[in-house]
Amino acid sequence: MARRKKIYEGKAKTLYEGPEPGTIVQYFKDDATAFNAEKRAVIEGKGVLNNLLSEYFMTGLNNIGVPTHFLKRLNMREQLVRSCEIIPLEVVVRNYAAGSMSKRLGVEEGMQLPRPIIEYYYKDDALGDPLVTEEHIAAFGWASQQDMDDILSLALRVNDFLSGVMFGVGIKLVDFKIEIGRVYEGDFQRLVVADEISPDSCRLWDIETGQKLDKDVFRRDLGSLTDAYTEVARRLGVMPKTSTPIGKPTLIN
Ligand code: C5P
């Protein structure tokens with residue numbers, strides 16, 4: 001069998017050339033990293049859960065007319081996506097204060113924000129993904145004003161969708177990060193939600209107990225990351241299919 005061509009290997013995913021021009025196979029690894037890869041571990045099953053969860057969120061977004069790069073899931077660890085040019089920004093939407101925002105501004109984690117706050121980080125591992133303003137984005141030409149308008153609208157629509165879905169299963173969407181890609185169609189370009197949406201890129205807290213069900217479990221050593229992600233998948237009804245267990249033999253009189 002011919003070897004497929006690896007396009008890129010990231011911290012949590014590997015990208016391969018897809019079967020058709022303009023497509024890419026996204027493979028979800030079990031590797032977990034935090035603090036710009038200073039902390040690393042292999043967490044068995046994480047890739048499978050994130051593949052299923054990202055499929056669930058991206059399909060939901062496609063269904064309500066928010067364009068994403070997602071085409072279809074291929075198997076337990078891989079999905080087919082449209083190839084796109086990634087805008088070098090991490091777009092973060094926050095509904096409650098947490099993480100780097102709490103640290104930077106000295107606000108208590110969990111404080112509800114009066115409205116969603118959008119932040120942009122320049123994607124550059126060597127620089128540690130610094131926070132940037134729209135002025136930087138325009139001055140360095142990372143995105144046009146039209147792109148920024150579209151990115152803001154996509155980010156808020158994703159926030160409304162994800163907040164609603166998570167609320168429905170008793171989970172608070174504290175914040176999340178998305179990446180945006182450009183897809184070219186003839187003379188036109190369109191922006192789509194790209195990369196992945198999973199508990200690796202969101203903060204998810206149980207509404208009742210406040211229990212963390214996201215990557216902070218790994219970042220802050222709070223227990224089993226697989227258990228946390230499995231709980232999110234279970235509530236959303238997207239658990240990996242396991243073969244039907246064969247029961248113990250029963251005596252028939
Ligand atoms: O660390 P910080 O508070 O800025 O993260 C905000 C949100 O963005 C969190 O949900 C976090 O998981 C996500 N994030 C991410 N990838 C990064 C940085 C943050 O998915 N490189």
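Residues: numbered from 1 along the sequence shown. Start at 1 and go down the list; that is how both ligands and their atoms are numbered.
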How far is atom 10 (O) of ligand 1 from its nearest protein heavy atom, and which residue and atom name does that atom have?
D175 OD1, 2.6 Å
Nearest non-hydrogen protein atom to atom 2 (P) of ligand 1, with distance, is S100 OG, 3.4 Å
Starting from atom 6 (C) of ligand 1, what is the nearest protein heavy atom, named by residue and atom, and what distance separates them?
R203 NH1, 3.6 Å
Within 45° cone of W205 ring axis and under 6.0 Å: K212 NZ or CZ
yes
Answer with yes or no whether E119 contacts ligand 1, where contact means a heavy atom under 4.0 Å from a ligand atom.
no
So, 4.0 Å and heavy atoms of D214: is ligand 1 close enough to count as a contact?
no
Backbone, side chain, both or neither: what part of K215 comes under 4.0 angstrom of ligand 1, heavy atoms only?
neither
Does the plane of the ring in Y16 sit parallel, tilted or perpendicular to the ring in Y27? Use 30° and 60° as the thresholds.
perpendicular
Is there any salt bridge (Lys or Arg N to Asp or Glu O under 4.0 Å) pair reaching into residues 223-239, and which pairs are they, with sequence neighbours excluded?
D206-R235, E231-R234, E231-R235
Taking everything shown except Y184 itself, do over 12 heavy atoms lie less than 6.0 Å from its OH?
yes
Close-contact set for ligand 1 against D200 heavy atoms, below 4.0 Å:
12 (O), 20 (O)
Given W142, which partner from the list Y120, Y121, Y122 fulfils the ring-ring contact (aromatic ring centres under 6.0 Å, His included) test?
Y122
Between N95 and L173, the two heavy atoms sitting closest are ND2-O, 3.1 Å
Considering heavy atoms of the protein only, find what lies nearest to atom 14 (N) of ligand 1 and give residue, atom and distance to 0.1 Å.
K177 CB, 3.7 Å
Sub-4.0 Å atoms of ligand 1 with respect to non-hydrogen atoms of G99:
3 (O)
Within the 4.0 Å heavy-atom shell around E90, which atoms of ligand 1 are there?
16 (N), 17 (C), 18 (C), 21 (N)
Mark up the atoms of ligand 1 that fall under 4.0 Å of a heavy atom belonging to R219, in ascending order.
11 (C), 12 (O)
Ligand 1 to D129, heavy atom cutoff 4.0 Å, flagged ligand atoms 21 (N)
Does R115, at its CZ atom, have more than 12 non-hydrogen atoms belonging to other residues, nucleotides or ligands within less than 6.0 Å?
no
Quick check on contacts: which atoms of ligand 1 are under 4.0 angstrom from a heavy atom of R94?
2 (P), 3 (O), 4 (O), 6 (C)
For ligand 1, which atoms have a heavy atom of Y121 less than 4.0 angstrom away?
4 (O)
More than 12 foreign heavy atoms under 6.0 Å from CZ of F188: is that the case here?
no
Taking the side chain as every heavy atom from C-beta outward, state whether V92 and F176 have any pair of such atoms under 4.5 Å apart.
no
